[in-house]
Each structure stands twice: as structure tokens, then as C-alpha cells.
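Here is the naming used below: chain letters follow the sequence lines, and residue numbers restart at 1 for every chain.
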Protein chains: 2
Amino acid sequence: MRSAPANAELALLLEVTGTPKPGNVDRRREYPDLRFEHFVTGAVGARPGLDLAADATTPLGSAFETAIDGMAEQSGGNTQFGAVLLLTPLLRAAAKNTLDPSGVAAVVEDTTVADTVSFFEAFEHVDVAVDEPPTGMEPLDVRRGSDAASAIEERQLTWGELMARSADRDGVAAEWTNGFTRSFDAAAGIREDEGPIADRASRVFLELLAAEVDTFVVTQHDRETAEAVRERAIAIREGAADPDTVAEEFVERGINPGTTADLVAAALFIALEGGLEI
Amino acid sequence: MRSAPANAELALLLEVTGTPKPGNVDRRREYPDLRFEHFVTGAVGARPGLDLAADATTPLGSAFETAIDGMAEQSGGNTQFGAVLLLTPLLRAAAKNTLDPSGVAAVVEDTTVADTVSFFEAFEHVDVAVDEPPTGMEPLDVRRGSDAASAIEERQLTWGELMARSADRDGVAAEWTNGFTRSFDAAAGIREDEGPIADRASRVFLELLAAEVDTFVVTQHDRETAEAVRERAIAIREGAADPDTVAEEFVERGINPGTTADLVAAALFIALEGGLEI
């Protein structure tokens, strides 16, 4: 039987295998400098950190930082930061045999101030697109990396508390704060679906993208663009738009619904742990 | 830095990512029952065995059997048996800091009769297409699995000696017997090449296929077919045939040059260990 970290790595690989996934890299679409092979290498590189996430004796933030350090060992840049951020507490919950919304909420609740420091350090390994911090929050700008350590210590913010502050504008932070509801729902959808797993990954991606705006698109562009992206996903699902045409539109406009892809990876992990067969 | 087992797993993943690779599954071509996702799952599943192959305290045959057991945990069947068979002694050589033709020859030389028994046991995990054994060799038919144990013990055949008996008709066994010459040469070719790694994997596949008949095609069809396959690979490399057309021809005739793909995986591993960057 595959271990939980093996399933987490496999989830990252299956996520990028699913096609079509308009706007994102998949096995049929890539950019000259951000290719399918970078995601594959990122998934394999993240593995030692994923192993640590499943080891209850390792601080969770440290496991995350190790995973991102390994993920970044390829020239494509940030491939799976958000996905690994979702997988890390899910892995810890799986290791405790409590891979359910309340179990992962307890993992988030258990995070420490030291975990927050490690989280900031992870940003030193890779360029991650983030919003400007709100007024008054500048000392806690993740782009400061480990320089923010003293501000974190001063405010005594746990990793879970830090994430809660971004929950209204970041889909990954929202999962951390709300018991990973969308990830668990999507996992159930994947298990109920039929056919090749990669096709299910593509369908659940479109379903999630049609349901809520992708916060990464909001960060990179604006809310209006993100709403338009959601409309296009709805149109694809209703058969009113061709996914390949939409993919070309998105690529042309530099639109990557990355947060939605992160959710798919989390959902695939939960589904695999629940017995999804390939 | 990625560990040697991580690089071996990555080599399996990059091999199947390379496209076009006429006749084989890659990220653009798959069969209804043997899909890209089966190869991805096979690579992740093989990892615990690959870890053991890099651990000098584990008998090599046992590491191989563990890798195949894990690889087989997907419904596509035999995805990477030959590739893992090449990677296993290469990993052991890498763990000893002797990843060169004489170092891996020494690993093969060190194999035992117990390794041969484990090798036979590996065939119980997955259906592998093999030739009928030569006259007088029936007791050593790998399809007998662990039932062949007493015949192996009686003849005191080490794993290396067993492979040597197939070297004239099996390209993987030939590598085992000849210091992995083709794998090392192909690795040098990959490192000297330029551009995306997946494209290099595709080019080196065609180069190897044009150079020698694929023994898996000989086993599944006959030598005449394998020679014709080689001619088509030469034609592609000379620009006289379109790879997509050739791929369709091969798929229609059920031709999978699997041994050549195995060599590409071995070459990618050697290149990654040598510092190939992605």
C-alpha cells in the first residue's frame, strides 16, 4: 500500500496530468519557461518535506519549508507552493488517522509561532505572487522572509492565526480556516465520478472554478477578471464554450487559476487516502 | 539536493513525459487500459523499492521485488518492469559512489543466488511478456515465479549469471552483462543535448531505436518486425517520416518498443546523477 506521503506526491502529479485545465500547465499545455517537467520535478523534490509532514515529531512549519525547498529545485520557479500548503496539514491529519474536516482543523489549531517563522522562511526559496499586505500589516509581509521573524515573535501569531487573517482573500488560507470544506467536497466528487483519474481531475477543476472565483487570479489581475474566468468555466460546463478555446484565451491574457489547481491536488490526496484506485 | 532514489523515480517520470515516442505511452498518447496515469502511479509506487536499492544492507533482488510490487499497485499492469530492472543495479552503484560501467559491473558481479530467487518472485506481481525459455531451460522459466526456487538453488545461478544467459536476446539483460554501455552513452547524449528534458528524452529514444532492434518488439512480434521498426526510426531521424504517422502505424500494429524506453529511463537517471538540471 502506498504511504500517505506517496499519495500526496501522486496527487501533485495527477493534478498536473489532468487536461484540459484552462490557463494552467498540464500535460498538453505548457509555457516555454514553465513546463510540465518542472511540475513533475517539483512534486518529486517536495517529497522529503511531505514525508516530514506525516511525521508527528517534526514541527509542521519545518516540514513545509523542507517541502518548498525541495520543490524549488528546478528552473520553472513556483510550481506547487499552494498545493503543498494544503497538503501539509492534510498529511499531518492523515498521520494521526483523523483525515476529516475536524481532524485537519485540530492540526491547524495546534500550529505554533515557530511554524509561522518557518512558513515565512519558505518564501525565501521561491518567488510567490502575493498581495500587498493590508495597512498596518507591513511587518508581516511574507516577502520579508525570515526578516519578519521578530515581528512574528512580537505578535505571537501562530501559523493558523496568520492564515485566518488572509482567509477572506486567499482560497488556500480559506481552506485552512474552514476545515478544508471545498477540498473534502471535491474529493467526494472525484470518488463518485467515473473514468480515468486525470479526466476526473480536469472535471473537478472546472467545477471548482465555476463555483467560486480563483483568488490567485484576483491577486495577479483583479476581481473583475476572476469573475470573468468563473463565467467562462460555467460556459464550458454548460457546453457553451470549448475548453481549448478558453485555454487559449486564458494563456493569451496570462491568466492562471492556480488556487483552483491547488484545491484539486488536495482533493486528489484525500480521495487517494480514501481508497481511490488508479 | 535530490537523493539517488528520487532521481531514479524522476527518471521514470521524465521518460514517460517525453513525446513523441512512437509506439509507447507518453503524455500525448495512451491506450484505454494503459494510460499515462498508470505510469505515473507505477513510478511513485516503485519508490520504496528504489530506496532499498540504494541501501547497501538490503539484498539487491529483494529491493527489486519490492519496487515491482509497488509499481504494480495500479490497474495498467506492467508499466516499468524493465526500467526498474536497469535502475536497481545503477542505484546500488550510485550508493557506492561508483556510478560508471565498471562500478555497475561490480554490482552485477556481487549478486547472489538469493537475488535470483527474489527476481523470480517479482514476476508474481505483474504479467511480463517474455520469450519461451530455450530447450533445457524450462525449469528456469521466469513465469514459474517462486516455484522455480528449487531449480535456481540446484543450479546455483546468481542473478548476474541468469541475466547473462539472456543477453543475446534481451536488451535489458545485455546492459546488465555489458556494463550498461548503451545507457551510459545515451546519458552522455542527453547531457550534451539542449532544450527541455522531455524533448531530449524523445530524441534519445529515437536515436537508440534507430541504432539497434528493440528486443521487446522481437519478443512480442518477431525479428523482421523489429528490423522494420528500426528502419522507421531511422526514417524519422532523417526527416523522411513523420513521427506522428509512425506512432499511428505502431499503435495500429500493437508495436511497443518497450526495451528502448527502459534504456531511456536508465540514461535519464545517469544524467540526473551526473548533474543534469531541469
Practice task
Tell me, with the steps shown, if Asp244(B) and Arg29(B) meet salt bridge (charged side-chain N to carboxylate O under 4.0 Å, His left out).
Solution key: CA-CA 10 Å; Asp244(B) 285 332; Arg29(B) 291 189 178 271; 3.6 Å; yes

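Proximity to chain A involves both the backbone and the side chain of Arg28(B), based on heavy atoms less than 4.5 angstrom apart. When heavy atoms are compared at a cutoff of 4.5 Å, Glu73(A) approaches chain B by way of both its backbone and its side chain. Looking at Arg35(A), the atoms closer than 4.5 Å to chain B (heavy atoms on both sides) all sit in the side chain, from C-beta outward. Interface remark: Glu277(B) contributes no atoms to any contact with chain A (heavy atom separation under 4.5 Å).
When each of Thr17(A), Val40(A), Thr41(A) is checked for heavy-atom pairs under 4.5 Å with chain B, Thr41(A) comes out on top. The most heavy-atom pairs under 4.5 Å with chain A, out of Arg47(B), Glu37(B), Met1(B), Gln74(B), come from Glu37(B).
The side-chain heavy atoms of Asp214(B) and Val229(B), taken from C-beta on, include no pair separated by under 4.5 Å. Side chains of Arg27(A) and Val16(A) form no contact here, defined as non-hydrogen atoms less than 4.5 Å apart. A heavy-atom distance below 4.5 Å is not found between the side chains of Phe39(A) and Leu12(A).
Distance alone, capped at 3.5 Å, places no donor-acceptor pair between the Asp26(B) side chain and the Pro20(B) backbone.
At a cut-off of 3.5 Å, with distance as the only test, a side-chain donor of Glu65(A) or His125(A) sits close to an acceptor on the other residue.
Considering every non-hydrogen atom in both Ala4(A) and Ala94(A), the closest pair reads CB-CB, 4.3 Å. Ile255(A) and Tyr31(A) get closest at one heavy-atom pair: O-OH, 4.5 Å.
Relative ring orientation between Phe81(B) and Phe64(B) is described as perpendicular, the plane-to-plane angle rising above 60° on a 0-90° scale split at 30° and 60°.
Contacts from residues 189-210 of chain A to chain B, taken as heavy-atom pairs separated by less than 4.5 Å, involve Pro196(A), Ile197(A), Ala198(A) in sequence order. Among residues 84-92 of chain A, no residue has any heavy atom closer than 4.5 Å to a heavy atom of chain B.
Separating the CG atom in Asn7(A) from the CG atom in Leu268(A) is a distance of 10.5 Å, to the nearest 0.5 Å. Put simply, CZ on Phe120(B) and CZ on Phe123(B) are 7.0 Å apart, with the number rounded to the nearest 0.5 Å.
Heavy atoms from other residues, nucleotides or ligands lying under 6.0 Å from CG of Asp127(A) number 12 at most.
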